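In what follows, chains are A, B, ... by sequence order, proteins preceding strands, each numbered from 1. All figures in this text were calculated on a predicted structure; none of them were measured in a lab.
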Number of protein chains: 2
Amino acid sequence: MSVKHAILGLLSWQPLSGYDLKKIFSDSTAFYWSGNNNQVYRTLLELYDEGLVSREIIQQENLPAKKIYTISEKGRQELRQWITVNPELPVLRNSFLIQLAWADQLTPPELENLLASYEEEIHTQWLIHNQSSPQLSPEQARSPREALLWSAIHQNQLRFYQTEWDWVKHLRVSLAEIQS
Amino acid sequence: MSVKHAILGLLSWQPLSGYDLKKIFSDSTAFYWSGNNNQVYRTLLELYDEGLVSREIIQQENLPAKKIYTISEKGRQELRQWITVNPELPVLRNSFLIQLAWADQLTPPELENLLASYEEEIHTQWLIHNQSSPQLSPEQARSPREALLWSAIHQNQLRFYQTEWDWVKHLRVSLAEIQS
DNA sequence: TGCGCCATGTAACATGTTACATGATTAT
DNA sequence: ATAATCATGTAACATGTTACATGGCGCA
């Protein structure tokens with residue numbers, strides 16, 4: 001259960017409300033969850049029930065009250081334990097590859113069109129990632145080593161889109177060659 | 001709903017039983033589903049109820065009866081339509097990156113150990129993918145263009161692990177430099 | 001005797017998404 | 001007026017996994 005640990009991690013960085021977490025998830029590309037209410041608020045309740053976080057209700061003038069969650073000592077231990085555990089493999093699900101597998105039934109222009117729109121979508125993502133991410137920017141890191149790690153995370157995602165982009169460009173050339 | 005179309009695609013290639021599909025999913029890396037019974041058999045029923053496939057029950061001596069599913073004309077149309085639709089972005093979920101984000105609390109040897117085990121897992125996956133895949137091998141393709149597409153799908157996955165491997169090796173070097 | 005293959009299916013659970021619901025304040 | 005931001009939460013649905021259930025055949 002990784003959202004749980006993602007939230008614990010963010011709270012280990014600083015106390016946050018559910019609304020804050022939601023925004024981080026929906027803005028950030030590294031924290032790949034959609035940031036939907038259901039998951040965030042339910043997970044926070046679970047963490048609270050398990051004693052991994054504490055919370056404080058803050059009344060505000062002219063704004064709704066908010067609940068600020070703070071990681072507990074037990075929560076820090078749980079997070080540290082999870083980090084040390086052997087890493088899982090990345091999950092890559094590219095339904096475009098499934099489309100391609102049966103795309104031989106398309107006419108050459110249709111196939112070319114499909115590849116062109118995939119290339120454009122990938123390129124757009126690359127551009128989005130290439131703009132500095134507001135969360136986890138190395139300037140906010142607590143140590144040079146953390147800054148290096150955060151920069152590496154960013155690089156990892158950029159490289160993914162770069163590789164994908166190169167791949168689709170190369171495939172388009174190969175297909176053009178085969179048809180001539 | 002992509003399993004549905006993945007199954008339709010496989011059936012457009014040749015008639016298959018639920019058991020066959022299960023095996024293809026669990027053996028193949030391109031068809032990334034786990035190949036669990038629940039999903040395969042339920043999806044086949046849905047496809048049947050929607051008239052996208054027909055089926056034939058084949059009694060066998062000394063073996064349980066099997067249901068061979070064949071794609072229908074309506075199924076072929078549905079598949080073709082899905083293929084032409086604009087492609088979705090690949091879904092990449094790497095919980096290791098979330099671990100890394102908070103890994104500054106580890107000691108240098110602990111962090112080095114974490115990265116080493118990730119590198120090994122990625123390398124193992126690379127080796128697995130590097131062996132020729134039994135499904136969708138270009139030799140079984142119905143045209144040179146299909147062979148090219150299938151080869152490209154395979155290359156796409158290999159490149160992913162290669163990129164990831166390069167990335168983690170580079171990160172290990174950078175971390176070693178920062179500590180000296 | 002016990003495991004793996006063939007072949008079907010169901011139950012329970014985990015995870016994740018969209019949409020619904022409320023309600024004040026602030027900016028266009 | 002109308003949309004966006006702040007802030008909480010619930011309901012319904014989609015998708016995917018593990019484990020359970022049945023049962024014969026062949027192999028070590």
Side-chain angles (χ1 to χ4, degrees), chain A residues 1-8 15-29 31-50 53 55-69 82 88-95 98 134, chain B residues 1-8 15-29 31-50 53 55-69 82 88-95 98 134:
Chain A
M1 208 187 302
S2 187
V3 206
K4 220 164 159 169
H5 295 105
I7 289 180
L8 269 185
L16 295 162
S17 69
Y19 190 78
D20 295 331
L21 287 162
K22 239 181 56 169
K23 267 198 304 181
I24 290 173
F25 286 135
S26 50
D27 294 354
S28 161
T29 48
F31 296 93
Y32 42 74
W33 292 271
S34 72
N36 68 89
N37 293 357
N38 200 334
Q39 216 169 6
V40 170
Y41 289 114
R42 263 196 318 109
T43 305
L44 281 171
L45 252 191
E46 280 169 37
L47 289 171
Y48 182 73
D49 289 343
E50 292 170 44
V53 299
R55 72 178 175 201
E56 194 189 352
I57 296 169
I58 301 196
Q59 300 295 338
Q60 301 176 105
E61 271 181 55
N62 302 340
L63 278 177
K66 59 171 155 182
K67 295 177 182 165
I68 299 291
Y69 291 84
W82 178 72
E88 279 167 45
L89 283 169
V91 174
L92 176 57
R93 301 194 158 166
N94 194 345
S95 74
I98 314 284
Chain B
M1 207 187 301
S2 188
V3 207
K4 220 164 157 169
H5 296 105
I7 288 180
L8 269 185
L16 294 163
S17 70
Y19 189 79
D20 295 331
L21 287 163
K22 239 182 57 169
K23 268 199 304 181
I24 290 172
F25 286 137
S26 50
D27 295 354
S28 161
T29 46
F31 296 93
Y32 42 73
W33 292 271
S34 72
N36 67 91
N37 293 357
N38 200 336
Q39 216 169 5
V40 169
Y41 290 114
R42 263 197 316 109
T43 305
L44 281 171
L45 251 191
E46 279 170 37
L47 289 171
Y48 182 72
D49 288 344
E50 292 171 43
V53 298
R55 72 178 173 201
E56 194 189 350
I57 297 171
I58 301 197
Q59 298 296 337
Q60 302 176 106
E61 272 180 53
N62 301 340
L63 278 177
K66 59 172 155 182
K67 296 179 181 163
I68 299 291
Y69 290 85
W82 179 71
E88 281 168 44
L89 283 169
V91 174
L92 177 56
R93 301 194 158 166
N94 195 347
S95 74
I98 314 286

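- Shown here are the side-chain hydrogen bond (donor to acceptor under 3.5 Å, both in side chains) partners of A/N94, two or more places apart in sequence or in another chain: A/Y118, A/E164.
- In this structure, A/L21 CG and A/I7 CD1 are separated by 5.5 Å, a value rounded to the nearest 0.5 Å.
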Table please: side-chain donor-acceptor pairs of residues 60-69 of chain B below 3.5 Å, with sequence neighbours left out.
unit_1, atom_1, unit_2, atom_2, d
B/Q60, NE2, B/P64, O, 2.7
B/Y69, OH, B/R55, NH1, 3.4

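- With sequence neighbours excluded, no residue satisfies side-chain hydrogen bond (donor to acceptor under 3.5 Å, both in side chains) with B/R93.
- Rounded to the nearest 0.5 Å, atoms CG (A/L8) and CD1 (B/I98) are 12.5 Å apart.
- With DNA chain D read from its 5' end, the first of the two nearest nucleotides for A/N38 and A/K66 is the one closest to A/K66.
- For DNA chain C, the outermost nucleotides in 5' to 3' order that have an atom under 4.0 Å from a heavy atom of chain A are C/dT15 to C/dT25.
- Residues that satisfy the salt bridge (Lys or Arg N to Asp or Glu O under 4.0 Å) test with A/E56, not counting sequence neighbours, are absent from this structure.
- An end-to-end axis angle of 30° holds for the helix from C/dT1-D/dA28 to C/dT28-D/dA1, taken from five base pairs per end and rounded to 10°.
- Residues satisfying the ring pair (Phe, Tyr, Trp, His ring centres under 6.0 Å) criterion with A/Y41, sequence neighbours excluded, are absent altogether.
- In terms of the side-chain hydrogen bond (donor to acceptor under 3.5 Å, both in side chains) criterion, B/S95 has no residue partners (sequence neighbours excluded).
- Computed from coordinates, the A/N36 CG to D/dT8 C1' distance equals 14 Å when rounded to whole Å.
- One interatomic measurement links the two molecules: CD1 of A/I57 to P of D/dA7, which rounds to 14 Å at whole-angstrom precision.
- A/S34 pairs by the side-chain hydrogen bond (donor to acceptor under 3.5 Å, both in side chains) definition with A/N36, not counting sequence neighbours.
- Here B/S2 lies out of heavy-atom contact (under 4.0 Å) with every strand.
- Within the structure, the salt bridge (charged side-chain N to carboxylate O under 4.0 Å, His left out) test picks out the following pairs touching residues 31-43 of chain A (sequence neighbours left out): A/R42-A/E46.
- Heavy atoms of A/K67 sit under 4.0 angstrom from primed sugar atoms or phosphate atoms, though from no base atom.
- Each of A/R42 and B/Q60 lies near DNA chain C, and the nucleotide nearest B/Q60 is the one positioned closer to the 5' end.
- B/E88 is linked by a salt bridge (Lys or Arg N to Asp or Glu O under 4.0 Å) to nothing, counting only residues two or more places apart in sequence or in another chain.
- With DNA chain C read from its 5' end, the first of the two nearest nucleotides for B/A65 and A/G35 is the one closest to B/A65.
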Check nucleotides 22-28 of chain D for protein N or O atoms closer than 3.5 Å to its own N or O atoms and list the pairs.
none

